[in-house]
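Written below as structure tokens is the structure these notes are about.
Protein chains get the first letters and strands the later ones, always in sequence-line order, with residue 1 at the start of each.
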Amino acid sequence: MTDTRFDPSSADGRWQRAWDEAGTFAADSNSDKPKSYILEMFPYPSGRIHMGHVRNYTMGDVIARYKKMRGYEVLHPMGWDAFGMPAENAAMEKKVHPGEWTRSNIAAMKAQLQRIGFALDWTREFATCDPEYYGHEQALFIDLYESGLVYRRQSEVNWDPVDMTVLANEQVIDGKGWRSGAEVEKRKLDQWFLKITDFAEDLLSGLGDLKDWPDKVRLMQENWIGKSSGLEFSFELSNGETLPVYTTRPDTIFGASFCAIAADHAIAQGLASDPKVVAFIEECKKGGTTAAELETAEKLGFDTGVTAKHPFTGEPIPVFIANFVLMDYGTGAVMGVPGHDQRDFEFATKYELPIARVVAKDASGAAAPMGNEAEAGDGIVVNSDFLDGKPVDDAKADVIARAESGGWGEGKTVWRLRDWGVSRQRYWGTPIPFVHCETCGVVPVAKDQLPVTLPDDIDFETPGNPLERHATWKHCPCPKCGKDARRETDTLDTFVDSSWYFLRFASQPDNAPFDAQEIAKWLPVQHYIGGIEHAILHLLYARFWTRALAHIGKIDVAEPFADLFTQGMVTHETYGLNGAWLSPADVRIEGEKAFAVDGGAEVERGRVVKMSKSKKNVVDPDNIIDQYGADAVRWFMLSDSPPERDLPWSEAGIEGCWRFVQRLWRLFDVYDSGASGEDKALARKAHQAIVAVAEDIEALGFNKAVARIYELTAAAEKAGPSESRNFAIRAILHMVAPMMPHVAEEVHEAMGADGLIADAAWPQHDDAMLVEDEVTIAVQHKGKLRDTLTAPKGAAKEDLEALALASEKVQRSLDGAEIRKVIVVPDRLVNIVT
RNA sequence: GCGGGUGUGGCGGAAUGGUAGACGCCGGGGACUUAAAAUCCCCUGAUCCUAUAGAUCGUGCGAGUUCGAGUCUCGCCACCCGCACCA
């Protein structure tokens, strides 16, 4: 018996050390057990763990610990996505080396994660900025180069002329560099690309097999890959040139009343001797790219005076330069069919071009007037010569067939997906392992010379890429001819680092990136958990790398992540005072109102939004753990909100979790190892909970599992001593062990049980105990509940009906009315229809 | 504009077409205590009411299917997210 309280400040650390010393969570790839690889998206070492991390890793941790209890050999690793721009920004602002900054952040965040008691195999930890890791990445990059999946070409970048650096699109704000504020220029640079488009079809069709991915993510990837099929064909122009266009609606070709080309199309550029053309092209470039601007942007065109000859009718149609045509999709030119494309409709309306109907609901609709918008839907082709009367799909096939046999066009599939540009003109990334030689050209670094490491003595005082500026680093002999040559100074996009890290976790030999046979033991990842913000890029790139590596025979894995789960954000109320934000720590809540701790002024309670530094609505996990310990925070992360939805943090909520931690501790008080006798109702509840909680955890329905554990706990507390109650208490303890492992170990030990509960098996249930022998029957009349009655399970329909009609309440409701029908659902209800 | 999602008490949320609101939080009342903390017990959707009983309403709105709809169908509304002049 005890009257003490559970003290996480001593217990948490004690159990964490116990797991560590026993190597409880080290994954053994040689184990005979079935394998389960549980992975959460590894963090960027920004400096502090935030609540979003805690939620993410708690979910993964519960699954990992649960799987272990279920007899799996579990791989649950952790590492650091350690390259990236924030480290360079810190170097510039705080004058620290990016490596030092990153290393100290990793140390701090690792300590934070360890305080939460995650069941991680730290022996496999690495950071992507470890030369060992990025050296293997360089080797893989060279392998991909040698199999033709890497190439170089000129590509446009956003160039900040003041910082002398390349900017990502999101660093360009209103056409200006985010840091310097300078007008951003477009520059053409030789850049490295990965041929992801080679796998477009496969990446798309592979989505169909990812049954355990959210539909939303699959759809987003599908749209991103953007497959469309149609006809590419050429118009003959009046100036003797030809104009290739691409259309997904060849069936509407008889409705074409103009052609439109992009401002940077070669034909438009060719007309640049005309100052009016130059002025118009300039005008097109000015248009903003924000959603709102595009929405309202007017369709603008410039009639070039050139005409195109319609391939079937031979009629001349005008060629415009237009601001709504994109150079980098299709051929940068389109045929305009105003009747059946909304953009073309707006354009034709503005420039008074003919709007013909070539598709109608049925063949009799040929003469129906057009409305005030384009009709983009299906139908029957009309006013189109030999296509008349054909359904749209047949007409498409017909036109493509004629174009192909006539030699003026061909059916073509066009993808939105572009090849992946991986060059970054930055320091803090994986050096691209190539050398530029005047004689030999671009030459890969010899594998035995890897890794190509980053120099440490760098200077962030002057703008530009530090690798480019470094006194000696880029000078090296050519690996092929030995003459003086120049090292590549671009580094790889950090998305490359995160495209194969899950392979390195599963297998990390010294002399190779990974071992295919080890990989085969663990992959695919059984549960991959992370934020929805990675729905497209990271997940697509990781799928691509997996395919590319399989393609060159390095691994035999089709898809890296069998089951993907995207968790919601952790949110918090916001507090505003005089136009500034206040942090929750500086606010006192009294009933409906909130006041500033400092000065006492009333504070406006704002919306509940994602925790962010800018809104100051952040709660630091470390402070919470200091106050309540790891288990309360973990329990909070799992309670209440379904994991895919946002979780609103609240002081009251964590208090409630803390109370429950103590309730669990006190269960030990009522555990009486000498008690005997059966409490069938409680035993039944316990057996039912064992099954239900397991199902909930497997479906990631943690909030439901939590509710069931609360219910059983309340029942066990109320019950008198019995062996059944002891069973229930042991069951509770084992069921919460994956969620609140510290208090579970503590109680487990206090009850005198052997070993660690972390090593224990999931409690056994008895099927016979799942079945109730009495059920509650609802009795309805006129669609409303009139009475409930208790009946033995499996009672005959007639008996239930008789029982229902015997009810006084039912009789009162019936009030002598004639019974037309009685519906009896066994073990559930009786519905009387009058 | 296109695509997707969500809508249930004061709040977070439960609910194989079958007792709506499990469980948690907040709130109210009480016990224990010199007092507090901690803990325990009871109440807690709304309205009506002759008030330990009973009735009516109630899952964004409007229809429909059904003996029975939060759940299925159709039509709206609101909010959130993603993509975006992709031909």
Aromatic contact, F347(A) with F258(A) (centres under 6.0 Å):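 Between F258(A) and F347(A), which both carry aromatic rings, the centre distance is below 6.0 Å.
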Check: W635(A) ring centroid to Y628(A) ring centroid under 6.0 Å: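 Not under 6.0 Å, so no.
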Pick the [atom1] atom in [N] and in [M], then give their distance to the nearest Å.
N	M	atom1	value
A20(B)	A14(B)	C1'	10 Å
C2(B)	G75(B)	P	15 Å
C80(B)	C23(B)	C1'	26 Å
U34(B)	G21(B)	C1'	42 Å
C42(B)	C25(B)	P	15 Å
G58(B)	C48(B)	C1'	14 Å
C76(B)	A51(B)	C1'	42 Å
U71(B)	U59(B)	P	9 Å

T197(A) side chain to D419(A) side chain, donor-acceptor N/O pair below 3.5 angstrom: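 A pair is found: one side chain offers a donor N or O, the other an acceptor, under 3.5 Å apart.
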Specify the separation, in whole Å, of atom [atom1] of [X] and atom [atom2] of [N].
X	N	atom1	atom2	result
R249(A)	C86(B)	CZ	C1'	15 Å
F660(A)	G24(B)	CZ	P	9 Å
Y710(A)	A22(B)	OH	C1'	14 Å
M739(A)	C23(B)	CE	P	17 Å
D696(A)	A22(B)	CG	P	17 Å
L540(A)	G82(B)	CG	P	18 Å
Q342(A)	G1(B)	CD	C1'	9 Å
D344(A)	C86(B)	CG	P	10 Å

Non-neighbouring partners of Q627(A) that pass side-chain hydrogen bond (donor to acceptor under 3.5 Å, both in side chains), sequence neighbours left out: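 For Q627(A), no residue satisfies side-chain hydrogen bond (donor to acceptor under 3.5 Å, both in side chains) once neighbours in sequence are set aside.
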Anti/syn call for G9(B), syn if |chi| within 90°: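 Syn for G9(B); the angle stays within 90° of 0.
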Selected nucleotide, minimal atom distance to M220(A) side chain, candidates C25(B), G82(B), A87(B):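 Ranking C25(B), G82(B), A87(B) by closest atom to the M220(A) side chain puts G82(B) first.
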Of the listed nucleotides C86(B), C85(B), A87(B), the one nearest the side chain of N323(A):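 From the listed options, C85(B) comes nearest.
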Contact summary for H781(A) and S813(A), nearest pair of heavy atoms: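 Looking at all heavy atoms of both residues, the shortest contact is ND1-OG, 2.7 Å.
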Is there a Watson-Crick or G-U wobble partner for [N] with both distances under 3.5 Å, and which nucleotide is it?
N	value
C25(B)	G10(B)
G1(B)	C83(B)
G64(B)	C72(B)
C40(B)	G30(B)
U47(B)	A55(B)

Sequence-distant partners of D328(A), side chain to side chain contact (heavy atoms under 4.5 Å, CB included), two or more places apart: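 Partners of D328(A) under the side chain to side chain contact (heavy atoms under 4.5 Å, CB included) test: L326(A), R418(A).
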Sequence-distant partners of R666(A), side chain to side chain contact (heavy atoms under 4.5 Å, CB included), two or more places apart: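 Q662(A), R663(A), D669(A).
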With H687(A) via ring-ring contact (aromatic ring centres under 6.0 Å, His included) - residues at least two apart: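 For H687(A) the ring-ring contact (aromatic ring centres under 6.0 Å, His included) partners, ignoring immediate neighbours, are F727(A).
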Interatomic spacing from CZ in R588(A) to CZ in F595(A) - rounded to 0.5 Å: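 It is 6.5 Å, given to the nearest 0.5 Å.
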Reported CD1-to-CE distance for the pair I697(A) and M739(A), which is rounded to 0.5 angstrom: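 So the CD1 of I697(A) and the CE of M739(A) are separated by 4.0 Å.
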Protein-to-nucleotide contact annotation, 5' to 3' order, nucleotides 38-57 of chain B [B base; S sugar-phosphate only; - none; under 4.0 Å, heavy atom]: SSS-------------S-SS
Nucleotides 2-21 of chain B: protein proximity per nucleotide (B base, S sugar-phosphate only, - neither; heavy atom, under 4.0 Å): -SS-SS----BSSSB-BB--
Sugar-phosphate, base or nothing in reach of G226(A), heavy atoms under 4.0 Å: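 No contact at all - G226(A) keeps every heavy atom at 4.0 Å or more from the nucleic acid.
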Touch class at under 4.0 angstrom, heavy-atom based, for V325(A) against every strand present: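 Base contact.
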Residues F636(A), W658(A); criterion ring-ring contact (aromatic ring centres under 6.0 Å, His included); working and verdict: CA-CA 9 Å; F636(A) 187 102; W658(A) 170 242; over 10 Å; no
Which residue lies more 5' along RNA chain B, comparing Y329(A) with A714(A) via nearest heavy atoms: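 Nearest nucleotide further toward 5': that of A714(A).
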